[in-house]
Amino acid sequence: QALEKLPAHRQQSMAEVLLQLEEVRESLVSTVGQAAGAPAWQARGGPASTFGRHEILAFLTEIDDLLTGPLAMEIVGGAAALLAHGAESPTKDINSFSEFDKRIEHAAALTAQRIPLRPVLGHKAPRGYDERRLRLYLPFRNLVVWVPDCYDLLLMKAGRASAHDLRVLAEMHRAHPFDLDRIIDRH
């Protein structure tokens with residue numbers, strides 16, 4: 001749909017498609033949960049603590065304060081969208097494509113803010129992902145944070161296409177509109 005429109009109208013069309021996908025997904029989740037006799041919140045995975053940008057930064061600051069030397073941390077998913085790409089919807093955890101370093105896990109266990117660290121093993125990053133990752137220049141002494149660029153994160157979130165993922169993509173697009181031609185050229 002978006003490709004058929006003039007370039008000036010493509011960005012708005014992309015936002016409309018993302019919102020339509022989110023509505024369809026929410027409808028399906030609600031219908032499946034009701035058909036199984038489960039409350040709507042349970043069909044979505046149940047109530048859970050969520051964390052916004054401020055809480056994630058406070059958590060990472062605590063980890064940084066506990067580290068004794070430089071250490072890199074890759075963050076993907078909702079936390080990356082919050083930290084680097086203008087998303088506003090909170091997340092339930094901090095994800096990475098690999099296991100978290102034991103020193104980070106140890107420091108995380110000592111923090112006041114307990115945000116789950118969850119590796120998403122078995123997921124494949126888009127081709128060329130490592131070369132496009134972005135280093136976040138946060139005011140940390142020791143912790144170096146890497147996140148996917150917005151187009152790689154778009155592919156990761158769109159591939160899963162949960163209602164939350166689609167909402168995050170719409171927020172990212174509102175903050176910094178995706179360029180449809182760039183998506184097509186790259187992927």
Side-chain angles (χ1 to χ4, degrees), residues 18 21-22 25-26 29 41 43-67 70-138 140 142-173 175-176 178 183 186-187:
L18 287 171
L21 286 171
E22 179 181 344
R25 176 73 171 180
E26 286 176 359
V29 167
W41 66 265
R44 287 191 225 67
S49 296
T50 58
F51 308 94
R53 187 176 197 280
H54 177 75
E55 290 89 2
I56 293 170
L57 285 172
F59 176 70
L60 295 176
T61 299
E62 284 187 79
I63 289 173
D64 178 65
D65 289 343
L66 293 166
L67 295 175
L71 194 56
M73 178 181 194
E74 174 189 41
I75 297 177
V76 300
L82 283 162
L83 290 172
H85 302 299
E88 298 169 0
S89 292
T91 188
K92 295 183 289 186
D93 53 22
I94 295 176
N95 302 119
S96 180
F97 278 140
S98 58
E99 294 285 347
F100 289 93
D101 187 285
K102 296 295 180 205
R103 293 167 288 183
I104 289 175
E105 288 178 345
H106 177 73
L110 300 174
T111 64
Q113 182 79 283
R114 301 288 174 110
I115 300 178
L117 298 175
R118 292 198 176 104
V120 286
L121 305 175
H123 287 47
K124 291 188 177 182
R127 187 177 51 244
Y129 165 80
D130 289 333
E131 293 81 36
R132 292 187 299 269
R133 288 185 313 164
L134 305 173
R135 178 179 176 181
L136 298 185
Y137 290 93
L138 300 169
F140 299 150
N142 295 307
L143 190 61
V144 176
V145 177
W146 293 89
V147 299
D149 81 347
C150 66
Y151 293 96
D152 285 336
L153 191 54
L154 165 70
L155 283 179
M156 293 175 211
K157 291 260 177 218
R160 200 172 90 171
S162 72
H164 179 74
D165 289 332
L166 297 175
R167 187 171 28 261
V168 166
L169 289 174
E171 293 167 1
M172 288 172 57
H173 181 70
H176 308 285
F178 293 111
I183 295 168
R186 185 184 295 181
H187 306 288

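Across all non-hydrogen atoms, the minimal contact from L82 to S89 is CD2-O, 3.5 Å. Among all heavy-atom pairs drawn from P148 and A80, the shortest one is CD-CB, 3.8 Å. When all heavy atoms are compared, the tightest approach of V168 to A81 is CG1-CB, 3.5 Å. Of all the heavy atoms in A84 and L136, the pair that sits closest is CB-CD2, 3.7 Å. The nearest pair of heavy atoms linking K92 to F51 is O-CE1, 3.7 Å.
With sequence neighbours excluded, the residues satisfying side chain to side chain contact (heavy atoms under 4.5 Å, CB included) with L134 are H85, V147, D149. E88 is linked by a side chain to side chain contact (heavy atoms under 4.5 Å, CB included) to E171, counting only residues two or more places apart in sequence or in another chain. Take L110 and apply the side chain to side chain contact (heavy atoms under 4.5 Å, CB included) test, not counting sequence neighbours, and it matches L66, H106. Qualifying side chain to side chain contact (heavy atoms under 4.5 Å, CB included) partners for R133, counting only residues two or more places apart in sequence or in other chains: E74, Y129, D130, W146. For R103, the salt bridge (charged side-chain N to carboxylate O under 4.0 Å, His left out) partners are D101, not counting sequence neighbours.
Residues F140 and D65 form no side-chain contact, since every pair of their non-hydrogen atoms from C-beta on lies 4.5 Å or further apart. For the pair H173 and L154, the minimum side-chain heavy-atom distance is 4.5 Å or more.
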Subject >> Criterion side-chain contact (heavy atoms from CB on, under 4.5 Å) on F100 and I94, from CA distance to verdict >> reply: CA-CA 10 Å; F100 289 93; I94 295 176; 4.3 Å; yes

**OP:** Let me see the working for T91 and T50 under side-chain contact (heavy atoms from CB on, under 4.5 Å), right down to the final yes or no.
**Re:** CA-CA 5 Å; T91 188; T50 58; over 6 Å; no

**OP:** Step by step, work out the side-chain contact (heavy atoms from CB on, under 4.5 Å) result for V144 and L71.
**Re:** CA-CA 6 Å; V144 176; L71 194 56; over 6 Å; no

**OP:** Verify side-chain contact (heavy atoms from CB on, under 4.5 Å) between I63 and N142, making sure each step is shown before the conclusion.
**Re:** CA-CA 9 Å; I63 289 173; N142 295 307; over 6 Å; no

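In this structure, CG on L155 lies 10.5 Å from SG on C150, to the nearest 0.5 angstrom. Annotation: the span from S98 atom OG to L121 atom CG amounts to 8.0 Å, rounded to 0.5 Å. Separating the CE atom in M156 from the OH atom in Y151 is a distance of 14.5 Å, to the nearest 0.5 Å. Between R167 atom CZ and K157 atom NZ the span is 10.5 Å, to the nearest 0.5 Å.
Applying the salt bridge (Lys or Arg N to Asp or Glu O under 4.0 Å) test to pairs two or more places apart or on separate chains, those with a residue in residues 108-123 are D93-R118.
E62 places no side-chain N or O within donor-acceptor distance of the main-chain N or O of F59, the cut-off being under 3.5 Å. Between the side chain of R132 and the backbone N or O of R127, at least one donor-acceptor pair lies under 3.5 Å. A donor-acceptor pair under 3.5 Å links the side-chain atoms of D64 to the main chain of L143, judged by distance alone.
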